[in-house]
S.K.: 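Questions regarding the structure given below will be posed in turn.
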There are 2 protein chains.
Amino acid sequence: MSNYQEILQNNNLKATHQRIAILEAIDHAGHIDVDKLFKNLRKHFPTLALGTMYRNLSEMSDKHILLEVTLPGQKVKYELKKEPHIHLVCNGCGKIEDRTLDIEDKIKECEEENDFTVLDSNIVFTGLCQKCQDQKKV
Amino acid sequence: MSNYQEILQNNNLKATHQRIAILEAIDHAGHIDVDKLFKNLRKHFPTLALGTMYRNLSEMSDKHILLEVTLPGQKVKYELKKEPHIHLVCNGCGKIEDRTLDIEDKIKECEEENDFTVLDSNIVFTGLCQKCQDQKKV
DNA sequence: AACTTAAATAGGAATTATTCTTATTTGAAA
DNA sequence: TTTCAAATAAGAATAATTCCTATTTAAGTT
């Protein structure tokens, strides 16, 4: 039983070929938007309907199998929900990378100062990755 | 000379009635999406075209007069660019609040660990505001 | 205060994105 | 294998966004 099949069934979703293919493609891409995902999948799955994509992306996001990554001025991207992490987005090459950063202390601080219970966090740092820093120096 | 007029002219944009009205409405609302903004503005500005809205929101975001606030599963919202701040989003009432949180140390940590130059940060904490915490207790 | 003109707008068409509908297919439980 | 609720494909319908162009306007100049 594939990992994806298990994930789906644990969430009361039938493990259809379409869903598994979507999860595989997202996992492989890391972060990918609806269009690119659809084009990729269509190559090996010519009957896949766009409606099926939208429906499943939405359902699987609702069930927290997927995570929507929203960045200003960009299309929504999807990633597999894994360990909590932040996103580093390079202004140069556009790459999105997952990184861990311990922010428990900041969350606590924020909760105390604002009388707010933090249940989830979403952190994006934009800037320049190593490669793009180096290119600027040349 | 109104503040908005000045902001626009500093960015080489003509201070049109439309733009000033858009800025006023966003400032008043705090965070607002295209639809709500358009409906609000139309009341007092019946000829305003939707295309004008989109064009200006996009231009003013490009010029960093506005900031796009993107949250998963929600329409893009716009806010006036002011001091850096994080967003607290309540799962109960949906309200978005601006708060300051010093994360310089975390940014430095992240830069060193990942050889990444951070130029901007975007932090959203979702959870429960005071009101909605209290309601859950009752 | 009128003149000039590049920039901006209104209005609507065109395009793109997303959701909805329904007949057919399929995963998986019995 | 049979059964059937759930899911899909295909395409229509709707919603969101961009594009086009004739007209208007902000603001600099006389």
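Only a predicted model underlies this, so the values are computations on that prediction, with no experimental measurement involved. Below, read A as the first sequence line, B as the second, and so on, with proteins coming before strands; counting in each chain starts at 1.
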S.K.: Under 3.5 Å, which N/O atoms of the protein pair with N/O atoms of nucleotides 28-30 of chain C?
M.R.:
{"from": "C:dA28", "atom 1": "OP1", "to": "A:Q9", "atom 2": "NE2", "distance (Å)": "2.6"}
{"from": "C:dA28", "atom 1": "OP1", "to": "A:A15", "atom 2": "N", "distance (Å)": "2.9"}

S.K.: For the atom pair CG (B:L48) and NE2 (B:H17), what is the distance rounded to the nearest 0.5 Å?
M.R.: 12.5 Å

S.K.: Is any side-chain nitrogen or oxygen of A:N12 closer than 4.0 Å to OP1 or OP2 of D:dA6?
M.R.: no

S.K.: B:K63 has an atom NZ; how far is it from atom P of C:dA7, in whole Å?
M.R.: 11 Å

S.K.: Name the residue closer to the 5' end of DNA chain C, choosing between B:P46 and B:E59 according to the nucleotide with the nearest heavy atom.
M.R.: B:E59

S.K.: Counting only side-chain nitrogens and oxygens, does B:Y54 get under 4.0 Å of the OP1 or OP2 atom of D:dT18?
M.R.: no

S.K.: I need the residues from residues 25-36 of chain B with at least one non-hydrogen atom less than 4.0 Å from DNA chain C; give them sorted by number, or say none.
M.R.: none

S.K.: Atom CZ of B:R19 to atom P of C:dA10: distance rounded to whole Å?
M.R.: 11 Å

S.K.: Between A:R55 and C:dT19, is there a side-chain N or O to OP1/OP2 distance below 4.0 Å?
M.R.: no

S.K.: Does any residue of residues 65-78 of chain B have a heavy atom under 4.0 Å from DNA chain C, and if so, which ones, in number order?
M.R.: none

S.K.: Can you name the side-chain hydrogen bond (donor to acceptor under 3.5 Å, both in side chains) partners of B:T117, sequence neighbours left out?
M.R.: A:Q133

S.K.: Would you classify B:L50 as touching base, sugar-phosphate or nothing, given that sugar-phosphate means primed atoms plus P, OP1 and OP2, and contacts are heavy atoms under 4.0 Å?
M.R.: base

S.K.: Checking A:K81 side chain against A:S61 main chain: does a donor-acceptor pair fall under 3.5 Å?
M.R.: no

S.K.: Between A:H17 and C:dG27, does any side-chain N or O lie under 4.0 Å from OP1 or OP2?
M.R.: yes

S.K.: Rounding to 10°, can you tell me the angle the first-five-pair axis of the helix from C:dA1-D:dT30 to C:dA30-D:dT1 makes with its last-five-pair axis?
M.R.: 40°

S.K.: Quick one: OG1 on A:T70 to NE2 on A:H87, what's the gap to the nearest 0.5 Å?
M.R.: 10.0 Å

S.K.: Please name all residues satisfying side-chain hydrogen bond (donor to acceptor under 3.5 Å, both in side chains) with A:D27, sequence neighbours left out, ordered by chain then number.
M.R.: A:Y4, A:K82

